[in-house]
Amino acid sequence: NAGVTQTPKFRILKIGQSMTLQCTQDMNHNYMYWYRQDPGMGLKLIYYSVGAGITDKGEVPNGYNVSRSTTEDFPLRLELAAPSQTSVYFCASSSGLAGGNEQFFGPGTRLTVL
Amino acid sequence: GDSVTQMEGPVTLSEEAFLTINCTYTATGYPSLFWYVQYPGEGLQLLLKATKADDKGSNKGFEATYRKETTSFHLEKGSVQVSDSAVYFCALTGNTGFQKLVFGTGTRLLVSP
């Protein structure tokens, strides 16, 4: 199993550009998540999904969009990139079972907006 | 809402020293508790977990005990190595239905030879 994979690993955007961060998991997990991690900070939840076709906002959803057309894929879309979106983005997945909802993380995408 | 508080870092130790990283939480009900580790340039990995009071999670020489009376889940290791240098995150999730993970802000550990 590859686990959770993310592409690209690094990206530099200009202000106002858009891009899609890709995330795929091969563990047949129902639940998937997008986090951002700013320097020296913890993780903040952007969006999450409890299954194909179902998504919901986390703590910091503004400036982002997501979709979940399959169990495996959960892309994150940035529209009109802003310097405040410079961060490291992590995708994660979990089975969602109650009693120890362990999340499995991808390696991250480091995004810089200039 | 639920929250996790960790001691501020960095924690700087010499190799073979004893490690404690404090973590306390606020939550309704009976959450599950986790420690995740993030090595430089990588994503988070689960280090250990405990799902009920008095459970002890352990892995790679690290231990943490779920103390409901003090709402704590402190991470300990008897003898740290340089390779343990990383950022450690305490986290919790509820135990009824689907619950999101709530993370602490992380504690950076630096171990010198």
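Throughout, protein chains are lettered first and strands after them, A, B, ... in sequence-line order, and every chain is numbered starting at 1.
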**OP:** Treating Ile, Leu, Val, Met, Phe, Trp and Tyr as nodes and any side-chain heavy-atom pair under 4.5 angstrom as an edge, say whether A:Tyr31 and B:Phe34 lie in one connected cluster.
**Re:** yes

Subject >> Proximity of residues 105-113 of chain B to chain A, residues having a non-hydrogen atom under 4.5 angstrom >> reply: B:Thr105

Original post:
Does CD1 belonging to A:Ile12 count more than 12 external heavy atoms closer than 6.0 Å?
Top reply: no

Subject >> Contact residues of residues 106-114 of chain A (partner chain B; heavy-atom separation under 4.5 angstrom) >> reply: A:Gly106, A:Pro107

**OP:** Enumerate by number any residue of residues 7-20 of chain B whose heavy atoms lie under 4.5 Å from heavy atoms of chain A; in the absence of such residues, state 'none'.
**Re:** none

Subject >> Over all atoms of both residues, closest heavy-atom pair of B:Gln38 and A:Phe90 >> reply: NE2-CZ, 3.3 Å

Original post:
So if you build clusters from Ile, Leu, Val, Met, Phe, Trp, Tyr with side-chain heavy-atom gaps below 4.5 Å, do B:Phe73 and B:Tyr88 land together?
Top reply: yes

Subject >> Sequence neighbours excluded, every pair satisfying ring pair (Phe, Tyr, Trp, His ring centres under 6.0 Å) that has a member inside residues 10-29 of chain A >> reply: A:His29-A:Phe104

**OP:** Could you tell me whether the side chain of B:Leu101 reaches within less than 4.5 Å of the side chain of A:Leu43, counting heavy atoms only?
**Re:** no

**OP:** Please check if B:Phe62 and B:Tyr39 belong to a single hydrophobic cluster, counting links between Ile, Leu, Val, Met, Phe, Trp and Tyr side chain heavy atoms closer than 4.5 Å.
**Re:** yes

Original post:
Is any side-chain heavy atom of B:Phe103 closer than 4.5 Å to a side-chain heavy atom of A:Gln37?
Top reply: no

**OP:** Kindly work out whether a path of hydrophobic side-chain contacts (I/L/V/M/F/W/Y, heavy atoms less than 4.5 Å apart) joins A:Phe74 to A:Leu78.
**Re:** yes

Original post:
Would the number of heavy atoms belonging to other residues, nucleotides or ligands and lying under 6.0 Å from NZ of A:Lys57 be above 12?
Top reply: no

Original post:
Should B:Leu75 and B:Val37 be regarded as members of a common hydrophobic cluster, given that ILVMFWY residues are connected when their side-chain heavy atoms come within less than 4.5 Å of each other, either directly or indirectly?
Top reply: yes

